[in-house]
Amino acid sequence: MVLLNNNSANNAADNIMIDNKSISIITEAGIVAAEEAKKQLTFEHYSFAVSYGKITSLKPKVRSFVEDTARLCRPDKVHICDGSEKELRHLLNVMQQAGMIEPLPKYKNCWLARTDPGDVARVESKTFIVTRDRRETIPTPKEGVKGLLGNWMSPEDLRRAVHERFPACMAGRTMYVVPYSMGPVGSPLSKIGVQVTDSPYVVASMRTMTRMGGRVLETLAEQDFVRCLHSVGCPMPLSRTLVNNWPCDPARTMVTHVPDSNEIISFGSGYGGNSLLGKKCFALRLGSSLARREGWLAEHMLILGITNPAGEKRYIAAAFPSACGKTNLAMMTPSLPGYKVECVGDDIAWMKFDDEGVLRAINPENGFFGVAPGTSMHTNPVAMKTVLTNTIFTNVAKTSDGGVFWEGLEKETPNDISITSWLGDTNWTKESGAPAAHPNSRFCTPAGQCPIIDPAWEDPKGVPISAILFGGRRPEGVPLIYEAFDWKHGVMVGAAMRSEATAAAEHKAKVIMHDPFAMRPFFGYNFGHYLQHWLSMEGRTSRPMPKIFHVNWFRKSEKGRFIWPGFGENVRVLDWILQRVEGKEVAEESAIGLLPTPGSLDLSGLEDHNIDTEELFRLPKDFWTQEVRDIATYFDQQVGDDLPNDVREQLKSLEKRVERCKHKQTFPANGNTRASMLATLIVIIITTVITCITTSSLVHPNVHVIALPFLYLSTLPHNLPRPAPRPSVLLCPEKEVLVVHDNVEPSPSILGVLVTVAAAVVL
Ligand SMILES: [Mn+2]
């Protein structure tokens, strides 16, 4: 038993200082948990039992944090996690007995959790960054416009919110102490956190998603740690009946971050990014803020290694908004022979220059917390093989043979199996009218068991990054791939990222949402300052920066079909990127960036797909004029004065380049299209008529019969199919016209007339 009294509370505030010298201000909010604990002194004889582990094994500052938070939350017991197998068994047991999880006997050590349907996703509206000055956190939106780049809370409001929620919030429960490392333990790029939580589900998930337990505490002697306080907000005795035995308090949920003191305080939700505080809260929000102070980048990016047939390996980082196939790309099975893709991470990248000025990245996570629906042997066989052992599934459907089901697994599920939906509807069918699995249902699985995990994925030095990809779901106007002209242009491309998303309400049309750097819900500080920080990265190395590209797998034809097959075929785009990284001259300028030269994008073996490459790369002037306008409006309304001049200038240059393109569009350049066939036919008729007229006064009446074969020959090249599909219409300001990528041929119509007239004259 540990007794806490007045004396031990006196030094509560002393341990909040963090070792980073660049932080001079510790806000009062930074000691909010400790402060609030002091107010709880009326419970002078509060005591807790340590049910697992030894509190004396904790370093003094960790122990103070635990005692402070315990004093505030008043749990019955404290469990100090060591990350062992034995501990996991215990946690699973506790959860099974509480009815929070059930086993999935079809697989090895897999479990299904079903949450309260009121606690199924991150709640952006209840997520806050706490700073003294509002502008540190968010740019000031234009008057009358709702800011969409994060939520700010004042330290005073945080103190009030904590006071309203946390005192005795863990009564009757066990408080788990989770020491964890983001990144390989001991890596210079890694950071340590300690989370206290009253949810065993959170502990079991953190054990998969982070490096948790004993070894982490040993490294704590030298560095400080991020303090994470989490409660589901359901003290005993319960004031309301739990749904699905899932404790939470959706009405009072809040997720708050204090960058100045490296604190995260989360209440009311037990699911995903709201409660696994190492993930979005630490690795992205606090992480981006730390990264700015320390001169590195914390980004919402996958990291993959790709080896070409020559055996050369490169690493690529890529940022896509949700529902763009980040996990699928990270675990891609390449369609081109000789290529190999290996996965370093599928969600978050921490990138820092090493001593030689090379940008190196680590995946701070230890597992995949992936969206289940849509994952199948067709879309991501590697993920399917990864998730069938040691996985906790949440809010997916289950099958009568003890397995899982979700939208996308229809073809892989036998017909004689019955399905129970995530809401518990037994005998669920497609006709039930609601999805079997929640759209945000997840698998939580150890990264180390991914069959294509990169050999260097835990290298403490990180992997060298050669290219950075931005992308989005863009049905119109945006080509399959383009390269930014330089770093500054690339930063603008990241800032201008947009993606198609289903509007929040049911049955609403899809809209193109802005999601700069795929970070919109995850910025830990003012987005304008974030852009400035990205721009500054170029000055931190003497080496060339990684090249920046924009990809779009989702362009649609006029009929609404996807033009590009995607998935494993995306390796063709990566192959072109590798060529560019190697310095090959396979790009040419357009108004929006560099595009593949004809033939440089390897399309061999895709003949059956009949890919309309022309449509895939077409840059309609109308579209881009509007796109520039939309981006400018967004910057103006959302970022205002905080937008760096360099980014503003980049957008202006893009606008000018698009403007300078004189022609809206040319007719398609490929010979065997209907339009050019028609043109050819008209030319033949006109030239025949001319021939007949010009030859009518001459001796030989059948001269036009002789002339006709010449006519035919002269128009022939126009009807030949082109050797390879290629981008054919680009906006190219340098030439002030639309460039048509075709072999330059004399116009058949003029040639036809000339040949025919010549023939007539000779005859
Ligand atoms: Mn993510």
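For ligands, and for the atoms within them, numbers begin at 1 and follow the listed sequence. Start at 1 with the first residue, then count along the sequence. Small disclaimer: the values here were computed from a predicted structure and weren't measured.
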task = Answer yes when Asp347 and Lys279 have at least one side-chain N-carboxylate O distance shorter than 4.0 Å, and no when they do not.
result =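 Yes, this pair counts.
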request  = Can you measure from CG (Leu277) to CZ (Arg285) and round to the nearest 0.5 angstrom?
outcome  =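 Result: 10.0 Å between the selected atoms.
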task = Apply side-chain contact (heavy atoms from CB on, under 4.5 Å) to Met182 and Trp350, showing your working.
result = CA-CA 10 Å; Met182 297 310 288; Trp350 282 0; 3.6 Å; yes
ask   = Which class fits the ring pair His550 and Tyr482: parallel under 30°, tilted 30 to 60°, perpendicular over 60°?
value = parallel
note = Shell check on the Mn ion (ligand 1): protein N, O or S atoms less than 2.8 Å away are Lys280 NZ, His300 NE2, Asp347 OD1
query = Any chance the rings of Trp422 and Trp406 have centres within less than 6.0 Å?
reply = no
task = Any chance you could lay out the side-chain contact (heavy atoms from CB on, under 4.5 Å) test for Ser205 and Phe369, step after step, and finish with the verdict?
result = CA-CA 9 Å; Ser205 306; Phe369 189 69; 5.7 Å; no
